[in-house]
Number of protein chains: 2
Amino acid sequence: MSSVAKKTLGTGAPETTPTGQAPTSQATAERIPAAQRRELILEAATGVFAERGYAGSTTDQVAKAAGISQPYVVRMFGTKEALFLEALDRAQGKLLHAFREVIAAYDAGELTEELQHLDPAVGSGRPEQLKQLMAIAYADLVEDRGILMMLMQAFVAGHEPAIGARAREGFLDIYRLVRDEAGLLPETARDFLAQGMLMNTLIGIRLPEIYEQDSTAEELLECTLRAKLPMVLKASRAQRRAG
Amino acid sequence: MSSVAKKTLGTGAPETTPTGQAPTSQATAERIPAAQRRELILEAATGVFAERGYAGSTTDQVAKAAGISQPYVVRMFGTKEALFLEALDRAQGKLLHAFREVIAAYDAGELTEELQHLDPAVGSGRPEQLKQLMAIAYADLVEDRGILMMLMQAFVAGHEPAIGARAREGFLDIYRLVRDEAGLLPETARDFLAQGMLMNTLIGIRLPEIYEQDSTAEELLECTLRAKLPMVLKASRAQRRAG
DNA sequence: GGTTGTTGTAATCGAATGATTACTTAAAGG
DNA sequence: CCTTTAAGTAATCATTCGATTACAACAACC
């Protein structure tokens, strides 16, 4: 996500004479295999789309963030929509993967240490403990900011037929994972998802940015993010510096 | 919201000669006072912005939905951003008003009938009962669809400085109302808001549209909307017919 | 060393869009 | 009537943006 910003300086021009004068700042990016470039573009696209939404983002912003030219982005993915859909799939996949990792680790008995730090008031059954552990994993994803906001942007772009269909499918995938693989009851799964949507919203409105200036914001953030708040605040400050 | 679509047919043209031939379909909308027109435009804008987001909407779409010309929209509000902000304020105000009405009615003892239908498992204190009543009021707003999605769209447009600031303020206003006026504890208020954000999300991804075709969607919707589900499904079908 | 495929860009095009200007036309008020 | 004001539009402008085209340069292979 903290890619680069090198080169640019488009008027580098031909410099027709290949005299000793170094042809400084070639206007062309370093040549790397298309598969790798694709990953870099998707990473950049995730950040841009997460920040500005589908309609609010331009392929040029993605290109700039990835350090290459706009036509290359379009040619590699065909259309802006296809790029968005692929970035969305990645984000969705990462979230599912994070949850499955928690479940697998729990079932393998690798989380005995983490279990000590859970709120003891909420029961000791597998679903209850997994719910808490997954909530922590979810909050960890906030640090990235790109992933969760990318999903959120897809959720409000339901009027774009292709995006809406994918968003519906993706949301139901998450619900099924939480219900079937983690074993939560529908009502518990619902509450879990609801907490996630609230976190997304608080991140979306950039509430961490006014944490210091507004005591209401402070209370709501502390109440929602709990132990993960310091991490989120740190990430928020870092992102503000990055601009 | 179900305004019109009359007139149009721009090439109506001057028809220079005022002969008997009826100057059919005058390309100009009915003249009404600016204050009324403003309300119509705001209503139309709420629907358009709710559907397509800030960046994804055009002033011309709003104009068409309101039955007038695009320049008039721009001249009346100055900029698209100003129009969005005013529509956002209206939506926010309607939500706050709906909650305050519930609280006032409850405190005036006017809701004895509704109290019989509440889930008796969740306590009989004022905050608990108000929480349930406000949740019902919130779900009632889903019927409109415009109001809640308008707010949601603002929540994900945080990168627009003016919109982000207003969205933050608005969200905190709602939180404070729920906490201070309804008397919920921070944790309870948080859970209440979380359920609201989940409802928004389910509406955003248009989950009601696949209610009949997906049993997972069916379960999640039933579990989240409860008694209000039939109403939401009906509204969803009505909106699909309207296109 | 020439040919060929891959990685990349500059230039540009057409459509869309927010905004502006200048113009109509209905009402209101003497 | 006739002037003035308010309500509304057509026409158009300058940008922006996604996409296309044509081309450059590096690498690999024979």
Side-chain angles (χ1 to χ4, degrees), chain A residues 6-16 18 23 25-41 44-45 48-49 52-85 160, chain B residues 4 6-16 18 23 25-41 44-45 48-49 52-85 160 162:
Chain A
K6 48 187 169 187
K7 62 117 223 166
T8 52
L9 227 163
T11 56
E15 290 278 343
T16 41
S25 73
Q26 78 268 25
T28 185
E30 194 191 355
R31 280 173 79 101
I32 62 176
Q36 281 177 42
R37 184 64 78 189
R38 170 174 279 264
E39 295 303 316
L40 292 179
I41 296 176
V48 172
F49 284 135
R52 321 180 75 97
Y54 173 64
S57 302
T58 71
T59 54
D60 193 54
Q61 288 164 348
V62 173
K64 289 259 192 345
I68 54 164
S69 69
Q70 181 261 351
Y72 197 15
V73 172
V74 173
R75 204 182 44 187
M76 182 164 275
F77 292 90
T79 64
K80 178 169 108 163
E81 185 180 68
L83 172 59
F84 185 89
L85 288 174
E160 294 270 344
Chain B
V4 280
K6 49 186 170 188
K7 59 117 228 162
T8 51
L9 226 164
T11 55
E15 288 277 345
T16 41
S25 73
Q26 77 269 25
T28 184
E30 194 190 354
R31 280 173 82 101
I32 63 176
Q36 282 178 43
R37 184 64 77 190
R38 169 174 280 264
E39 296 303 318
L40 291 179
I41 296 176
V48 171
F49 284 134
R52 322 180 73 98
Y54 174 64
S57 302
T58 73
T59 54
D60 192 54
Q61 287 164 349
V62 173
K64 289 258 191 346
I68 53 163
S69 69
Q70 181 261 349
Y72 197 14
V73 171
V74 173
R75 204 181 45 185
M76 183 164 274
F77 292 91
T79 65
K80 178 170 110 162
E81 185 180 68
L83 172 59
F84 185 90
L85 289 174
E160 293 271 344

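Bear in mind the structure is a predicted one, so any value in this text is a computation, not a measurement. Heavy atoms only: backbone and side chains are in, while hydrogens, waters and symmetry mates are out.
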**Q.** Verdict with supporting geometry, A/Thr59 and A/Phe77, side-chain contact (heavy atoms from CB on, under 4.5 Å)
**A.** CA-CA 10 Å; A/Thr59 54; A/Phe77 292 90; over 6 Å; no

Hey, is the side chain of [X] poking within less than 4.0 Å of OP1 or OP2 on [N], counting only N and O atoms?
| X | N | value |
| --- | --- | --- |
| B/Thr28 | D/dG8 | no |
| B/Tyr72 | D/dT9 | no |
| A/Thr59 | D/dC17 | no |

Q) On DNA chain D, nearest-nucleotide positions of B/Ala35 versus B/Gln70: which is more 5'? A) B/Ala35

**Q.** Of B/Met76 and A/Gly56, the one whose closest DNA chain D nucleotide lies more 5'
**A.** B/Met76

(Q) With heavy-atom distances below 4.5 Å as the criterion, would you say the side chains of B/Tyr72 and B/Arg37 are in contact? (A) yes

Q. Has the side chain of A/Arg37 got a donor or acceptor atom sitting under 3.5 Å from an opposite partner on the base of C/dG8?
A. no

Q. Do B/Arg31 and D/dA6 have a side chain to base donor-acceptor pair shorter than 3.5 Å?
A. yes

Out of [options], which nucleotide sits closest to the side chain of [X]?
| X | options | answer |
| --- | --- | --- |
| A/Ser69 | C/dT20, C/dT9, D/dA19 | C/dT9 |
| B/Ala34 | D/dA11, D/dA7, D/dA19 | D/dA7 |
| A/Arg75 | C/dA10, D/dA7, D/dA22 | D/dA22 |

Q: Output the distance between atom CD (B/Glu30) and atom CD1 (B/Ile68), rounded to the nearest 0.5 Å.
A: 13.0 Å

Q: Measure from the side-chain N and O atoms of A/Gln36 to the backbone N and O of A/Pro33, and report whether any donor-acceptor pair falls under 3.5 Å.
A: no

